[in-house]
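Naming: A, B, ... by sequence-line order, numbering from 1 per chain.
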Amino acid sequence: MINKLVANADIAINDIRDRSTLMLGGFGLCGIPENCITALLKSGVKGLTCISNNAGVDDFGIGLLLQTRQVVKMISSYVGENAEFERQLLSGELEVELLPQGTLAERIRAGGAGIPGFYTPAGVGTEVGAGKEVRNFNGKDYLLESWLRADFSLVKAWKGDTTGNLIYKGTARNFNPMMAAAGKITIAEVEELVPAGSLDPNQVHTPGIYVQRIFQGSNYEKRIEQYTTLD
Amino acid sequence: MINKLVANADIAINDIRDRSTLMLGGFGLCGIPENCITALLKSGVKGLTCISNNAGVDDFGIGLLLQTRQVVKMISSYVGENAEFERQLLSGELEVELLPQGTLAERIRAGGAGIPGFYTPAGVGTEVGAGKEVRNFNGKDYLLESWLRADFSLVKAWKGDTTGNLIYKGTARNFNPMMAAAGKITIAEVEELVPAGSLDPNQVHTPGIYVQRIFQGSNYEKRIEQYTTLD
Amino acid sequence: MALDKIGIAKRIAREIQTGWYINLGIGIPTLVANYIPEGIEVVLQSENGLLGIGPFPSKNQVDPDLINAGKQTVTMLNGSSLFNSAESFGMIRGGHVDLTILGAMEVSEHGDIANWKIPGKMVKGMGGAMDLVASADNIIVAMQHVSRSGVSKLLKKCTLPITGLRCVKKVVTDLAVLEVDPEIGFRLLERAPGVTVDEIVQATEGRLTVEGEVPEMTF
Amino acid sequence: MALDKIGIAKRIAREIQTGWYINLGIGIPTLVANYIPEGIEVVLQSENGLLGIGPFPSKNQVDPDLINAGKQTVTMLNGSSLFNSAESFGMIRGGHVDLTILGAMEVSEHGDIANWKIPGKMVKGMGGAMDLVASADNIIVAMQHVSRSGVSKLLKKCTLPITGLRCVKKVVTDLAVLEVDPEIGFRLLERAPGVTVDEIVQATEGRLTVEGEVPEMTF
């Protein structure tokens with residue numbers, strides 16, 4: 001099997017250039033590629049377009065890349081919980097394309113799956129539909145949406161093997177599998193890297209074909225946004 | 001959790017009426033709903049439209065329903081290995097719509113996922129494209145394809161729980177997960193039925209929301225079409 | 001007397017039928033889960049990829065990899081399943097979710113809903129709301145009947161950017177339960193305890209039909 | 001002397017580069033797997049839902065739930081993964097498969113391919129072939145140069161129903177290796193051992209370019 005192991009995040013993101021389009025997995029701070037984000041901060045790469053469901057919080061996740069002004073455009077569905085983001089958006093410093101979450105997920109899925117366009121009911125009659133083709137199927141209106149692809153996809157998994165097979169945990173799966181398939185180069189960081197043959201093929205969530213580079217991540221903070229308990 | 005257990009195949013398919021549209025999981029004879037097919041034979045229901053990648057072989061799988069003339073139309077991608085099928089097709093007794101396998105899979109997936117139409121490159125310039133809209137995206141031509149949905153989907157899984165969660169085994173997964181989502185009523189037969197809570201939520205292939213009825217199957221023959229060994 | 005948030009949540013909980021798969025929005029809708037009557041078996045869907053949301057965890061159960069759509073830590077139940085975001089919204093768009101409960105800033109007499117943006121002031125994004133309202137057959141909105149400044153939120157026409165058209169089936173407010181028919185507008189079904197029909201009429205800008213004796217809510 | 005099927009498979013195997021994901025069609029293409037040179041690491045995709053096809057099983061390894069796209073029993077390798085048919089064709093359409101090798105009844109000088117139907121005689125269906133040829137950047141066809149009745153199968157225009165347009169990049173036959181350029185037609189790259197350029201010219205109906213000395217194949 002093909003070995004895709006690289007040493008660390010810095011090496012993995014080494015060829016990400018200014019003005020690249022990136023996809024970053026995660027929902028809120030759950031399942032985000034923490035190591036790759038840190039490496040992007042260190043690299044100082046600028047002018048990034050980031051496709052990610054959320055934009056992190058002020059001082060964690062993609063929020064850190066907003067603080068350093070490395071991001072010029074965000075494509076997201078929900079950007080609450082981030083004051084700096086809202087400020088840059090309202091001031092016009094940051095270009096933002098907001099999409100329905102399901103449309104975002106499906107456009108990314110379409111990018112990986114070679115479907116250049118599809119119809120969805122989400123957003124008909126709203127700002128989201130402006131300029132998009134509306135088409136009626138079986139008496140209901142739908143919008144034509146196009147695929148999304150990225151120069152680099154940065155995904156985070158629980159376990160991964162050297163051939164790039166990935167298994168996610170809990171709700172940290174979210175956008176990661178579709179993004180893994182939609183990146184020209186997909187970089188996976190994992191909590192536990194295992195040799196090929198250690199993962200049950202029947203339990204693999206992302207087949208290795210989608211992953212070009214994989215590394216063992218370190219120092220995961222896994223910050224919780226809404227720590228909520230019964231106690 | 002909601003309990004969807006029924007006693008057996010006969011009860012599960014009890015309300016399938018003449019002229020229903022059915023989806024049947026499986027690739028070749030791998031992962032087909034053997035118990036449901038036997039029950040359909042016993043029930044004598046007629047005029048069926050069957051959506052299934054293949055049509056079984058002469059004396060097994062959907063081939064049995066062709067022998068008894070219970071099927072009036074097949075929507076499939078590959079129907080070799082079945083002389084009776086080819087005879088009924090060439091004689092015009094059976095209406096057949098042949099689709100590219102990926103188009104078939106994606107149309108079924110679209111049915112379950114509420115996507116009424118999507119574009120695919122498969123079949124452009126061929127008979128499959130006749131009468132379908134051709135549209136150019138980024139310099140390449142694509143066909144508009146519509147979703148497929150069924151009155152009943154009959155799927156076969158390896159393990160399932162009483163709430164309808166399913167796990168498939170090996171390449172017996174194939175079309176089953178998409179069909180489970182695209183049926184108005186989805187009936188799952190499983191080799192091993194377990195109580196809710198016995199399956200790891202992270203390993204579930206088909207979430208129970210898609211399954212309306214589930215039963216413990218019996219007497220699986222699992223016939224092999226091309227028994228091929230090194231010995 | 002007008003209901004508090006818990007009262008709204010309790011009243012909505014009575015709409016729930018056994019066997020349903022339900023998506024609860026952030027805010028009052030999330031509270032509904034606490035008041036589902038005994039014996040009613042439902043499954044809660046979280047659009048970030050979980051069917052079968054359990055109670056909040058005890059401190060030693062907290063798992064940062066297991067959150068709901070409001071980013072709160074949660075648990076799973078026997079029979080839960082996990083999946084990715086494309087699958088999750090496939091479920092929603094495909095009509096597999098039986099009931100969606102969500103909050104709103106405004107609802108129109110045609111069933112239009114606005115709940116994602118206040119131009120120039122607040123832009124959090126629509127999250128999954130546009131997919132939910134465009135897809136679900138059964139949408140109940142939980143909201144205050146009038147704004148803090150006393151303006152009706154049940155309008156002839158939404159003034160804020162729309163989330164979805166002609167989709168809301170029922171509205172439960174602090175004052176009333178109302179049905180919405182895109183052709184005839186709001187229809188008053190129930191009054192909050194002690195609230196008069198006249199108070200509700202005053203608080204409703206959109207077209208409102210009141211027929212016969214309007215009963216008080218029961219819980 | 002014209003190659004046998006194994007010869008064709010061996011020659012195609014030399015086209016394979018390390019790191020590639022490859023889909024092999026039924027027939028001669030399946031044989032290619034047996035001749036991939038030592039040290040070349042590739043992963044074979046089976047469109048029914050398997051990456052990492054292993055060798056055929058021993059008798060006591062046979063599992064009816066593990067077959068390839070030709071319905072043959074197979075095994076898995078360390079690093080294999082399983083998935084459903086929609087995911088499998090997502091991989092194919094999305095351009096993740098680096099090389100597709102398949103059989104054909106006819107190939108035209110424009111790179112059109114026909115391999116799924118003989119009207120009135122044989123209708124097996126296209127299976128995954130239409131998806132593969134419409135999606136793959138790199139398609140190699142394995143076929144006989146002429147039919148049993150002596151008619152060329154490398155044509156100006158396909159006579160049988162088309163599987164895909166302008167998609168074949170290379171053809172390896174019992175007589176020759178040819179490149180296909182939709183604008184200029186077939187270009188002769190190599191001759192089978194002992195086969196003359198003239199024999200190949202005679203056997204090719206479509207436009208054929210022969211430049212300079214044409215080398216014999218090596219394996």
Side-chain angles (χ1 to χ4, degrees), chain A residues 27-31 53-55 76-82 85-86 89-90 96 98-106 108-110 120-128 140-143 158 168-178 205 220-231, chain C residues 26 46-50 53 55-76 80 82-93 112 114 116-117 119-135 161-167:
Chain A
F27 180 94
L29 301 178
C30 183
N53 187 57
N54 310 81
S76 302
S77 91
Y78 191 81
V79 296
E81 295 117 19
N82 191 325
F85 183 106
E86 205 165 342
L89 187 163
L90 293 169
V96 178
L98 287 171
L99 295 172
Q101 193 174 150
T103 298
L104 180 63
E106 191 66 15
I108 297 166
R109 192 254 172 199
T120 175
V124 171
T126 75
E127 285 181 15
V128 166
K140 183 168 173 170
D141 283 341
Y142 295 83
L143 295 180
W158 177 40
Y168 308 94
K169 175 166 159 270
T171 55
R173 194 184 318 182
N174 54 66
F175 284 80
N176 284 296
M178 289 80 71
H205 294 135
Y220 284 105
E221 183 175 339
K222 292 198 186 187
R223 198 185 290 188
I224 293 171
E225 275 183 81
Q226 305 285 340
Y227 185 92
T228 320
T229 62
L230 280 179
D231 319 19
Chain C
I26 297 168
S46 194
E47 65 259 32
N48 55 322
L50 168 61
I53 307 174
F56 292 125
S58 62
K59 267 181 189 147
N60 57 20
Q61 276 182 314
V62 166
D63 179 353
D65 290 326
L66 201 64
I67 62 171
N68 65 17
K71 280 98 175 179
Q72 295 170 310
T73 43
V74 294
T75 59
M76 294 192 284
S80 286
L82 295 157
F83 36 86
N84 67 44
S85 302
E87 182 79 41
S88 184
F89 283 92
M91 262 172 219
I92 289 167
R93 271 192 321 263
D112 302 348
W116 74 281
K117 184 178 183 181
K121 273 174 87 175
M122 186 283 288
V123 196
K124 294 202 183 300
M126 63 292 282
M130 282 193 183
D131 308 276
L132 283 159
V133 301
S135 309
I162 290 291
T163 308
L165 295 173
R166 302 166 78 92
C167 54

For C:E47, which atoms come within 4.5 Å of any heavy atom of chain A: side chain, backbone, both, or neither? both

Is it the backbone or the side chain of A:N53 that comes under 4.5 Å from a heavy atom of chain C, or both, or neither? neither

Hey, which of C:G70, C:S135, C:P55, C:A134 has the most heavy atom pairs under 4.5 Å with chain A? C:A134

Mind ranking C:G90, C:P57, C:A69, C:A129 by heavy-atom pairs under 4.5 Å with chain A and telling me who comes out on top? C:P57

Roughly how far, to the nearest 0.5 Å, is CD of A:Q101 from OH of A:Y78? 10.5 Å

Considering only heavy atoms and a distance below 4.5 Å, find which of C:T163, C:V74, C:L132, C:I162 pairs most often with chain A. C:I162

What option among A:A105, A:P100, A:G125, A:G31 has the most heavy-atom pairs under 4.5 Å with chain C? A:P100

Sort out for me which of A:V96, A:L99, A:I108 touches chain C most, counting heavy-atom pairs under 4.5 Å. A:L99

Scored by heavy-atom pairs under 4.5 Å with chain C, the best of A:S76, A:G28, A:A172, A:C30 is A:C30

To check you understand the geometry: which heavy-atom pair defines the closest contact between A:E225 and A:L29, and what is its length? OE2-N, 3.1 Å

Does C:Q61 use its side chain to pair, donor to acceptor, with the backbone of C:S58 at less than 3.5 Å? yes

Of all the heavy-atom pairs spanning C:S80 and C:L50, show the shortest one and how long it is. CB-CD1, 4.2 Å

I'd like to verify something: which residue of C:G164, C:G49, C:G128 has the highest number of heavy-atom pairs under 4.5 Å with chain A? C:G128

Of A:R223, A:R109, A:K140, A:K169, the largest count of non-hydrogen pairs under 4.5 angstrom with chain C goes to A:K169

Bottom line for A:L104: the part with an atom under 4.5 Å from chain C's heavy atoms is neither

Using modelled atom types only, decide if a donor and an acceptor are shared between the side chain of C:S88 and the backbone of C:A86 within a distance under 3.5 Å. no

Do the side-chain N and O atoms of A:E106 and A:T103 include a donor-acceptor pair separated by under 3.5 angstrom? no

Would you call A:R173-C:D65 a salt bridge at under 4.0 Å N-O? no

Could you check which of C:L165, C:D112, C:I92, C:I67 has the highest count of heavy-atom pairs closer than 4.5 Å to chain A? C:I67

Using modelled atom types and a 3.5 Å cut-off, is there a donor and acceptor pairing between side-chain atoms of A:N174 and backbone atoms of A:T171? yes

